[in-house]
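Structure, as structure tokens:
Residue numbering restarts at 1 for every chain, and letters A, B, ... go by the order of the sequence lines. Below, each value reflects all heavy atoms present in this structure, side chains not excepted, and no hydrogens, waters or symmetry copies.
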Amino acid sequence: MKRLILLLTLLAVPTSLLAHPILGFPRHRGVEPLTNPLYSESCGECHFAYQPGLLPARSWKKLMAPAALEDHFGENAELDEEDRLAILKFLTSNAADTTWHYKRSIKITRSLAEDEAPLRITEVPYIKKKHSHIPRWAVQDNRKVRSLSYCNRCHTRADKGAFVRAEVDIPGYRNWADLF
Amino acid sequence: MKRYAGTIAMAAMILTMPLAQAADNLVPQMQAQYQSEGAGDFSAERGQQFWRQKHQAEKEPFTRSCESCHGTDLRQPGEHQRTGKVIEAMAPSVNAERFTDAKKIKKWFRRNCKWTIGRECTPQEKGDVLAWLNTL
């Protein structure tokens with residue numbers, strides 16, 4: 001019995017280390033899922049609530065400036081100051097360049113020059129490259145998709161921060177993998 | 001029997017409690033606030049006219065009105081004219097959540113007035129619009 005307990009303990013220690021959210025190795029795939037209800041509600045009210053790990057902090061700072069929110073890609077997305085600051089803090093402290101335990105965020109950061117601060121996730125070199133081979137008929141001219149900015153229309157587990165190829169389902173083209 | 005009386009009374013109280021408390025319609029409260037900010041009496045008719053008024057914008061879409069995104073039948077969901085976002089029905093008779101959240105009322109008046117007419121709405125305009133929408 002004693003030996004069994006010892007064996008179990010020895011097994012349990014490394015597995016608990018592996019599963020640790022930050023010290024875990026190998027690192028997590030994808031980007032970190034959302035953890036802030038105010039962010040999910042305020043931003044997800046209008047569009048897919050993009051995870052902070054999809055852009056560097058310097059991009060989020062530009063996007064969340066009061067004047068920028070007044071013209072947020074053509075829409076007025078002003079927030080009261082308290083909410084704006086709380087959301088800004090969440091975004092910058094979980095941004096791609098402050099994340100090192102989620103692979104996609106690391107790749108996003110590495111693809112950008114240090115002073116580059118894209119306002120659109122679709123302009124991040126890594127994201128751009130990943131989507132460059134997709135023909136227009138599948139996304140832009142596909143009435144059920146329309147734009148790459150609607151992540152979750154094709155990435156079925158985008159809300160979980162998961163963007164693997166195997167979980168892509170392009171509306172109207174279930175067999176997309178055979179087509180391009 | 002007597003020793004169960006308390007339990008029975010308690011059970012009766014729980015069973016007769018309303019299942020979910022419907023949130024209050026805040027229109028009267030908001031209107032009182034607008035009046036404290038200088039508005040006079042409110043008119044649903046004026047609110048309806050304001051709602052339907054078309055405005056010119058410098059950017060696309062050049063013609064904007066409340067109707068262009070909320071639709072003409074306010075008991076039905078609307079669709080944003082540019083983004084296609086579905087907007088839940090405005091009429092409180094079909095959408096009980098309408099006008100129950102002061103923060104939301106404030107936020108969307110600010111955003112949508114600026115987007116649609118190019119400036120914030122006056123307390124009078126807001127009260128009139130709420131008077132009109134609340135009749136639906």
Side-chain angles (χ1 to χ4, degrees), chain A residues 36-50 63-88 90-91 119-122 136 138-154 158-159 170-172, chain B residues 23 26 30 33-34 37 51 53 55-71 77-90 95 97-123 125-126 129:
Chain A
N36 184 311
L38 176 69
Y39 173 78
S40 306
E41 230 167 81
S42 304
C43 304
E45 188 178 14
C46 293
H47 55 69
F48 174 71
Y50 306 102
L63 276 163
M64 292 296 293
L69 284 174
E70 243 183 278
D71 184 0
H72 185 68
F73 307 104
E75 295 304 306
N76 185 309
E78 283 180 80
L79 291 161
D80 68 43
E81 194 57 6
E82 197 186 324
D83 286 1
R84 187 185 72 84
L85 292 173
I87 290 170
L88 178 64
F90 166 68
L91 289 169
L119 295 179
R120 293 172 188 273
I121 295 162
T122 49
R136 285 192 64 87
V139 177
Q140 290 85 355
D141 298 337
N142 182 346
R143 290 185 60 193
K144 289 182 184 155
V145 184
R146 288 184 38 208
S147 162
L148 284 176
S149 48
Y150 301 109
C151 307
N152 55 337
R153 292 200 179 158
C154 298
D159 60 330
I170 302 179
Chain B
L26 299 181
M30 297 307 292
Q33 192 198 313
Y34 299 145
E37 293 166 5
W51 185 267
Q53 180 82 42
H55 306 269
Q56 294 306 309
E58 283 165 17
K59 281 198 277 186
E60 273 216 78
F62 296 112
T63 306
R64 304 177 183 188
S65 77
C66 305
E67 281 188 339
S68 44
C69 299
H70 290 287
E79 191 180 290
H80 192 291
Q81 67 179 136
R82 199 176 69 88
T83 65
K85 174 192 160 191
V86 175
I87 305 164
E88 296 304 326
M90 290 306 289
N95 183 358
E97 269 180 49
R98 279 292 171 218
F99 318 130
T100 60
D101 179 346
K103 191 175 170 186
K104 210 165 176 175
I105 297 172
K106 201 177 152 200
K107 175 165 94 173
W108 285 103
F109 259 138
R110 181 162 133 196
R111 288 179 173 180
N112 291 348
C113 288
K114 283 175 120 174
W115 191 85
T116 312
I117 71 178
R119 60 163 172 85
E120 289 212 46
C121 293
T122 64
E125 288 163 341
K126 289 190 269 196
V129 162

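Residue A/L79 touches chain B through both its backbone and its side chain, counting heavy-atom pairs closer than 4.5 Å. For A/E75, the parts lying under 4.5 angstrom from a heavy atom of chain B are both the backbone and the side chain.
Counting heavy-atom neighbours within 6.0 Å of A/R143 CZ, excluding the residue itself, gives a total of 12 or less. In the displayed structure, A/E82 atom CD is contacted under 6.0 Å by at most 12 heavy atoms of other residues, nucleotides or ligands. Atom CD of B/E97 has 12 or fewer heavy atoms from other residues, nucleotides or ligands within 6.0 Å. More than 12 heavy-atom neighbours from other residues, nucleotides or ligands sit within 6.0 angstrom of CD on A/Q140.
Nearest heavy atoms, A/N76 versus B/K114: ND2-CB, 3.6 Å. Residue B/W108 comes nearest to A/C46 through the heavy atom pair CH2-SG, 3.6 Å, listed as atom of the first residue, atom of the second, then distance. Shown here for A/R146 and B/T83, the closest heavy-atom pair between the two residues is NH1-O, 3.8 Å. Here the closest heavy-atom approach between residue A/E45 and residue B/K107 is recorded as OE1-NZ, 3.0 Å.
A salt bridge between B/K106 and A/D80 is absent, with no side-chain N of the basic residue lying under 4.0 Å from a carboxylate O of the acidic one. We find that A/D83 and B/K103 are joined by a salt bridge, their nearest charged nitrogen and carboxylate oxygen being less than 4.0 Å apart.
Highest contact tally toward chain A, considering only B/H80, B/R110, B/E60, is held by B/R110 [criterion: heavy-atom pairs under 4.5 Å].
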